[in-house]
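Presented below is the structure to which this report refers.
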Amino acid sequence: MSTVRIVRDAQNEAQVHPHGATLTSWKVDNQELSFVSKNAVYDGKKAIRGGIPIVFPNFGPWDLGPQHGFARTSLWKVAKEPTVESGSAVAAFELEDSEQTRAMWNNRFKLTYTVIVGDHQMETNLDIKNTGDTSFDFTTLLHTYFRVEDVTKTTVDGLKGCKVFDKVHKETRTEDRDLVKISSETDAVYETTSQVHHITGGPNGKTFTVTKKNLPDTVVWNPWAEKAKAMSDFGDDEYPYMICVEAGHVASRCKLDPQQTYSCGQTISIKD
Ligand code: BG6
């Protein structure tokens, strides 16, 4: 299984691993912006620890299958080889139901994941089609790991006033901070957040801007020291250098009728 390189030009490139169609690199001006653990496992079984794993059809623990669903641990097909068109490099990946997925979750579907690398920006779009003749519901999320210089100095906006379920302290509250900063284990599911988030403190002090499409919620996660030690595929000393800001449809389930498609995604840009 080789990684697919999506090269726009010498300054802008992304890479996607067919295992989970996991984006494993996004480089702008020779700077890696995506965080992937040095201990990430590429065995075609475990989800890749970092980049952008795709969560579908279930966010979090799931009675029917693995945590965060099977999309991130399935082998996707390359549906469109990387091509440069209209100033962007585009590639697409597909996953359809199989005997293995139907054994867990008995529904027919087709996922199309399109990665578009532009100038200092990247789009990751997911189309979820119900190809069967009965309705189904799901949750989904783009589990984006951002590389940062020092997570204690990073800020995330667009969360103020939102209802948040704090999975660490198991409590629901309303976010009162304009800029969310983290300084301990964080696992927070924010509902109906701003369409745009700015994440400061990226590589070389740059700021990421995330613009969501049909992904109403946002999860903010950092395992911190103790959890990091407990994770075999994550270095003990790596947690200061990443933050997950995950655009998703997770606070409520999304229903899809036969032959309908749900289109969602995000655009991430980087600037000084
Ligand atoms: C986050 C969840 O999205 O993903 C956390 O909110 C979870 O609860 C984290 O720990 C990582 O999950 P996993 O399955 O990749 O270890």
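When a residue number appears, it is its place in the shown sequence, counting from 1. Heavy-atom basis, side chains included; hydrogens, waters and symmetry copies ignored.
The side-chain heavy atoms of Asp257 and Asn130, taken from C-beta on, include no pair separated by under 4.5 Å. Residues Ser34 and Thr24 form no side-chain contact, since every pair of their non-hydrogen atoms from C-beta on lies 4.5 Å or further apart. Counting heavy atoms from C-beta outward, Arg147 and Val36 have side chains that stay 4.5 Å or more apart. Side-chain contact check for Asp217 versus Tyr190: every heavy-atom pair is 4.5 Å or farther apart. Residues Ser25 and Glu32 are in side-chain contact: their nearest non-hydrogen atoms beyond the backbone lie under 4.5 Å apart. Within the 4.5 Å cutoff, the side chain of Val189 has heavy atoms near those of the Val250 side chain.
Side chains of Glu238 and Ser37: a donor-acceptor N/O pair is present below 3.5 angstrom, by distance only. Using a 3.5 Å distance cut-off with no hydrogens or angles, the side chains of Asp127 and Thr261 do not pair a donor with an acceptor. Asn222 and Thr186 are not linked by any side-chain donor-acceptor pair at a separation below 3.5 angstrom, with hydrogens and angles left out of the test. Using modelled atom types and a 3.5 Å distance limit, the side chains of Asn125 and Glu123 yield a donor-acceptor pair. Side-chain atoms of His19 and Asp43 form no donor-acceptor pair, as typed in the model, at a separation below 3.5 Å.
Between Lys38 and Asp237 there is a salt bridge, since at least one side-chain N of the basic residue sits less than 4.0 Å from a carboxylate O of the acidic one. In this structure, Glu94 pairs ionically with Lys110, as a charged nitrogen and a carboxylate oxygen lie closer than 4.0 Å. For Asp137 and Lys255, the salt-bridge test fails: no basic side-chain N is under 4.0 Å from an acidic carboxylate O. Taking the charged nitrogens against the carboxylate oxygens, Glu175 and Lys160 have no contact shorter than 4.0 Å, which rules out a salt bridge.
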Could you walk me through whether Phe109 and Phe56 pass the ring pair (Phe, Tyr, Trp, His ring centres under 6.0 Å) check? CA-CA 11 Å; Phe109 67 86; Phe56 175 88; 5.6 Å; yes
Before you tell me yes or no, could you show the steps for Thr144 and Ile268 under side chain to side chain contact (heavy atoms under 4.5 Å, CB included), namely the whole-Å CA-CA distance, both residues' side-chain angles and the distance that decides it to 0.1 Å? CA-CA 10 Å; Thr144 309; Ile268 307 173; 4.0 Å; yes
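Remark: aromatic rings of Trp105 and Phe138 are distant, center separation not under 6.0 Å. For Tyr262 and Phe136, the ring centers sit 6.0 Å or farther from each other. If you look at His68 and Phe59, their ring centroids are closer than 6.0 Å.
No continuous path of hydrophobic side-chain contacts links Leu141 to Ile199 [ILVMFWY only; heavy atoms under 4.5 Å]. Linking Ile, Leu, Val, Met, Phe, Trp and Tyr whenever their side-chain heavy atoms come within less than 4.5 Å leaves Ile48 and Leu142 in two separate clusters.
Pairs passing the ring-ring contact (aromatic ring centres under 6.0 Å, His included) check and including a residue from residues 203-229, sequence neighbours excluded, read His143-Trp221, Phe146-Phe208, Trp224-Tyr239.
Among residues two or more places apart in sequence or in another chain, the side-chain contact (heavy atoms from CB on, under 4.5 Å) test is passed with Ser269 by Gln121, Thr209.
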